[in-house]
Structure formats: C-alpha cells, structure tokens
Amino acid sequence: MKHTPTIRAELDRYLKQESMSLTQFGHIAGMNRGIVSAIVTGNKSMSVNQLDLITEAMDLPEGYFYDLFIENYIIDTPPNMRRIEPFLFRCAELDKLDAISRVVGAIMDNLLYSPKLFEIAEELLKQGRHAAALLLYEGVAEAEKYQHSERLAVCQYRIFTIQVGDDQSRNLKAATLFEPFVERLDEIEQLDALKDLANVYRSLRKWDKVEEVARTMRAKAEIQYTLEHQQQSRMRDESSKKLSRPLFVYIAYADLLCSGSCEAKGDYHQALQYTYAYTNLDWVLEKDEDTQYWMGLFQNWAEGNTYVYKLLSGDVSVLNDYVQYIIASSDKVDKEMIVKLLNVMFAANRFQLDVNDILKRFEMIIDSFVQQPSSDMYTYQVVPEQTTRFKYELAKYYLNRGNYSYGFRYLLDVLSKSLANNKESFFIRCIRLFEQFKQFADVRTFIKYESLVSVGQRERLFYY
C-alpha cells in the first residue's frame, strides 16, 4: 500500500534535520509553540495561512505544500468549507489552477458544496481572477447539469463571458453552448445575456442570429419596461441595479443591431427604418443623468448612421457632411471612430471615390488604433473585427490606386491577423486580393505571403 506523505511529517523531518526546537521554529514562523506542537503531533489541523507561514519559515517557495494540503486536509478528511474557501482564494492569488481543479474534483460529488463554490467563483470574478473563477463555474455547472437551476444558467453565462476572446471559432462554440441557457436566467439578467450574445454573433457576422437575438431582447425589454413603470419606485430601483445599462437601452440597442444587420446585407433602406426607430426616443420616461447620456449616444449614432446608409446607397453628396460629422467627434478617439472611418472606405471602394485627403486628415487617429482587452463584450469583440475590416478596405483602396507598398503592408497584416484569430473568410478574401495584384509585389512581400499561406494550409484554413 502506497504511503501518502504528510505536511506534519515533512515539518518534523525539517526540525530534526535543522536541530531546531518547536519554540525556535515558532519564533521564525510567527506562531506560538503550542500551535506548532499541535501541528507536528497531528492533534490540530492547519489553515492555509498557517501553512504559508510554515512554508516561508522552511525557506520554500510559496504554495510548495499545496498538493499535500489537498491530500491531507481535503481528500483524506471530510471537506470543511471554512478551510477550503481561504485555500481556494490563496490558490487563485498564486495562479495555482491545477490545485483548484483538484479541490473541485475532490468535493463536487456532493451538491451541497455547489452554492458556496458558486459564491467563491463570483468573488473571484469580481477580483478579475477569471481563470480561477472559470474552473469553479465549470465544476458547479458539471455538478448541476441535470438540475435545471438558475444557478446553472448563471454559471453557463459566466463561462461564456470568460471564454470569449480572439479565437472566433471558440467564440462561436461558446455562444452556441450558452444560448440554450438564456431562458433559465432571471428575466432581468436575460437582457444583458442577450446583448452579449448579439455582440458575439455580430463579431462573427452571423447576421440572422444577430437579428433573432436582437428581436428577442427587444420583446423582453419592452415587457420589463412596462412592468417597471407599473411597480413601486423601490422595486424599480432593485431591478435596475441588476442591469449594466438603463432598461430603455436594450430596446433601442435591438433596433441598432437590426439596422447593422440590414447594412451588412446591403439593405440600406431597411437599415434607415431601424435607425429612425432608435432616433425617436420620446417614449423614454426617465430623466436622470445616465438616461440622458445614453440618449445622447443613440442620437449621435443615428445622425452618423443616417449619413452612412444614404452614402452606401449611392448618395455620395453626403460624404462631406459625414466627414464633418466625424471631425466633430474626433477630439476623442472612441471605440466608434474605427467604424466611422470604415464606412468611408466602404464607400470609396464601392463607388471609386478619391479619399486621400480624408485619410490624410485622420492619419494620426488611424495610426493610433490598437486592440486592447476590455470587459465590455462590444469593445472586446466588435471593435477588433472592425479594425481588421478597416485594414482590409485600406489595402483594397491602395492597391486599386497603385500604392502597392501601403496596399500590401495592410493586406499582409490582415492576412496574419486572420490566421492568428482563425478567421477563415478573411483569410480567403486576402488571398484572392493578393492574387489579383501579385504581379506588383516585391520579393520580400511575396516571401512573407507564401509563408502565411503555407501556415494557413497547415492549419486547414483553406484548400486550393
């Protein structure tokens, strides 16, 4: 029979090896002699704080005995959440994810531990320790997968938001797995879940799904808005606190999402109708500062999108007005600026417009575009997607105008990003555009292109 070592035995061995008394060790560790004696004799269990003090006193790395702690005090004894909870937080702090996985695996046979592990996961999420929180959410979700509980749905929502990242194939899988759980969430929390789902589908250009989710969100938000104004003010305040935005935003944002879907499908007339819908917000009853802020955003978006849909419909006479609109908002480089300039490039390539002066005017802003992580699903998903599309349109514009150095530079950048983020459609479009102008590529450009294409073939992003 295999003998499992113990922290107590390791400590006892260390004391004998160093010829150190319990009092001496206790002084070094900052613990009284009685506690050290009780730990060595096995008459007392230990906390993770005491374990850290012992580990430091033995001049060992932080977390050195954590695997033994799991064996001695979690697996070999009845689970005690008063001991387990601080241990999990400490493991998260030290990024010891394997230890967290072991603890979850050891105790989650018993559903009684689910509520507490869920609370710990929620706190870790607030602290920004997403990887650690994810392990707990996954453990609770697996344990409760047959329970059909609201907690299970919340776990799936948290798993979805944590997993969304740069890999679009992974994002699609995360969205597909989460969507069936939306209806099990609290009716208010469903609105943020639907908003986040719509933004992921939007980044994936799954326009039918965007419209489907947006319409569902709008219908649910309208019901909640009506109910809110039939309830007493205290109850309204409590429900509103659960949302990341004022309630009316989900109604108006649904129309904005649908307008964007129509735009992507080339139906600019219908896109305008949706734009007019979220332009008219006279029905909004609230007058607080947050409401005024969001109403201002929608009015600003509506003004810009009205120019855009007219422009992309072929009314190029509004281009100068649209540029003036962009200039008026260019004092700050917000997350919408890339979208505004992308619309200019769409029109330029579609109607063979000369926009060199416009690009020169916004040169510094264009150079400043960077992709930064964000907890906001729109910023994290949609903006990087639009940045890639903008660079592709720039490449197309410059190549068509004979500026091959700029054109190929942007094209290879998009090709590389598409490969890194698993965007097959963009990768193929870049190949087609390169092949169209390859006779103008210099040797270095051609070598880099061939290298990226070779990697794409290995990754099976496309086939000849």
Side-chain angles (χ1 to χ4, degrees), residues 1-124 126-129 131-140 142-143:
M1 181 176 178
K2 184 179 178 181
H3 175 69
T4 302
T6 64
I7 298 172
R8 178 178 62 81
E10 291 293 316
L11 176 56
D12 188 44
R13 181 190 59 77
Y14 174 82
L15 293 174
K16 291 177 179 177
Q17 177 181 302
E18 299 296 322
S19 300
M20 190 179 296
S21 70
L22 297 177
T23 301
Q24 289 172 320
F25 183 82
H27 179 73
I28 295 172
M31 303 164 64
N32 68 55
R33 182 190 182 285
I35 292 177
V36 176
S37 176
I39 290 173
V40 171
T41 59
N43 293 326
K44 183 184 185 303
S45 61
M46 72 176 76
S47 66
V48 66
N49 180 57
Q50 291 170 337
L51 176 61
D52 286 340
L53 292 173
I54 289 171
T55 304
E56 184 180 4
M58 293 173 68
D59 200 25
L60 294 171
E62 288 184 307
Y64 183 84
F65 286 123
Y66 279 13
D67 283 337
L68 278 183
F69 186 86
I70 295 171
E71 293 284 347
N72 300 165
Y73 298 105
I74 296 177
I75 294 177
D76 292 345
T77 61
N80 183 330
M81 288 307 299
R82 285 185 296 179
R83 183 184 304 120
I84 292 172
E85 180 176 359
F87 180 68
L88 288 173
F89 279 112
R90 185 64 175 137
C91 286
E93 186 179 339
L94 296 180
D95 202 31
K96 289 191 170 292
L97 302 181
D98 287 342
I100 294 176
S101 293
R102 288 192 66 198
V103 173
V104 172
I107 70 174
M108 282 312 296
D109 286 342
N110 191 334
L111 282 175
L112 293 176
Y113 298 113
S114 286
K116 190 59 183 178
L117 281 189
F118 176 76
E119 289 179 15
I120 296 171
E122 293 281 85
E123 182 57 34
L124 289 173
K126 289 179 183 177
Q127 295 176 5
R129 304 189 188 281
L134 178 61
L135 293 174
L136 298 185
Y137 287 128
E138 288 177 336
V140 175
E142 177 63 24

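Everything numeric in this text was worked out from a predicted model, so none of it was measured.
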Exercise for the section: Would you sort out whether Phe89 and Val48 count as a side-chain contact (heavy atoms from CB on, under 4.5 Å), showing the intermediate values? Expected result: CA-CA 10 Å; Phe89 279 112; Val48 66; over 6 Å; no
Completion exercise
Those residues at least two apart in sequence (or on a different chain) that pass side-chain contact (heavy atoms from CB on, under 4.5 Å) with Arg83 are Ser45, Phe69, Tyr73, Thr77, Asn80
Of all heavy-atom pairs between [X] and [Y], which one has the smallest distance, and what is that distance?
{"X": "Ile35", "Y": "Gln50", "value": "CG2-NE2, 3.8 Å"}
{"X": "Met108", "Y": "Leu117", "value": "SD-CD1, 3.0 Å"}
{"X": "Leu124", "Y": "Ala133", "value": "CB-CB, 4.0 Å"}
{"X": "Cys91", "Y": "Tyr66", "value": "SG-CD2, 3.8 Å"}
{"X": "Ala9", "Y": "Thr6", "value": "N-OG1, 2.9 Å"}
{"X": "Ala143", "Y": "Ser114", "value": "CB-OG, 4.2 Å"}

Practice task
Give a yes or no on this: more than 12 heavy atoms of other residues, nucleotides or ligands lie within 6.0 Å of atom OH of Tyr64.
Solution key: no
Problem - CA sep, side-chain torsions, deciding dist, call: Lys16, Asp12, salt bridge (charged side-chain N to carboxylate O under 4.0 Å, His left out) - result: CA-CA 6 Å; Lys16 291 177 179 177; Asp12 188 44; 3.3 Å; yes
Exercise for the section: Go through Leu88 and Glu123 one step at a time and tell me if the side-chain contact (heavy atoms from CB on, under 4.5 Å) criterion holds. Expected result: CA-CA 11 Å; Leu88 288 173; Glu123 182 57 34; over 6 Å; no
[X] side, atom [atom1]; [Y] side, atom [atom2] - distance, nearest 0.5 Å:
{"X": "Glu62", "Y": "Leu51", "atom1": "CD", "atom2": "CG", "answer": "11.0 Å"}
{"X": "Asp67", "Y": "Ile7", "atom1": "CG", "atom2": "CD1", "answer": "10.0 Å"}
{"X": "Asp52", "Y": "Met46", "atom1": "CG", "atom2": "CE", "answer": "10.5 Å"}
{"X": "Met58", "Y": "Glu10", "atom1": "CE", "atom2": "CD", "answer": "6.5 Å"}

Problem - Check: Arg33 main-chain N/O paired with Ser37 side-chain donor or acceptor under 3.5 Å - result: no
Partners of [X] by side chain to side chain donor-acceptor pair (under 3.5 Å), sequence neighbours excluded?
{"X": "Glu93", "answer": "Arg90"}
{"X": "Lys126", "answer": "none"}
{"X": "Thr55", "answer": "none"}
{"X": "Glu56", "answer": "none"}

Exercise for the section: Answer yes or no: is there a side-chain heavy-atom contact under 4.5 Å between Phe25 and Leu11? Expected result: yes
Handout entry: Any Pro86 side-chain heavy atom under 4.5 Å of Asn49 side chain
Key = no
Show every donor-acceptor pair shorter than 3.5 Å between a side-chain atom in residues 98-107 and any protein atom, with sequence neighbours excluded, or say none if there are none.
unit_1: Ser101; atom_1: OG; unit_2: Leu97; atom_2: O; d: 3.2
unit_1: Arg102; atom_1: NH2; unit_2: Glu71; atom_2: OE2; d: 2.5

Practice task
May I have the step-by-step check of side-chain contact (heavy atoms from CB on, under 4.5 Å) for Ile120 and Ile84, ending in yes or no?
Solution key: CA-CA 10 Å; Ile120 296 171; Ile84 292 172; 5.7 Å; no
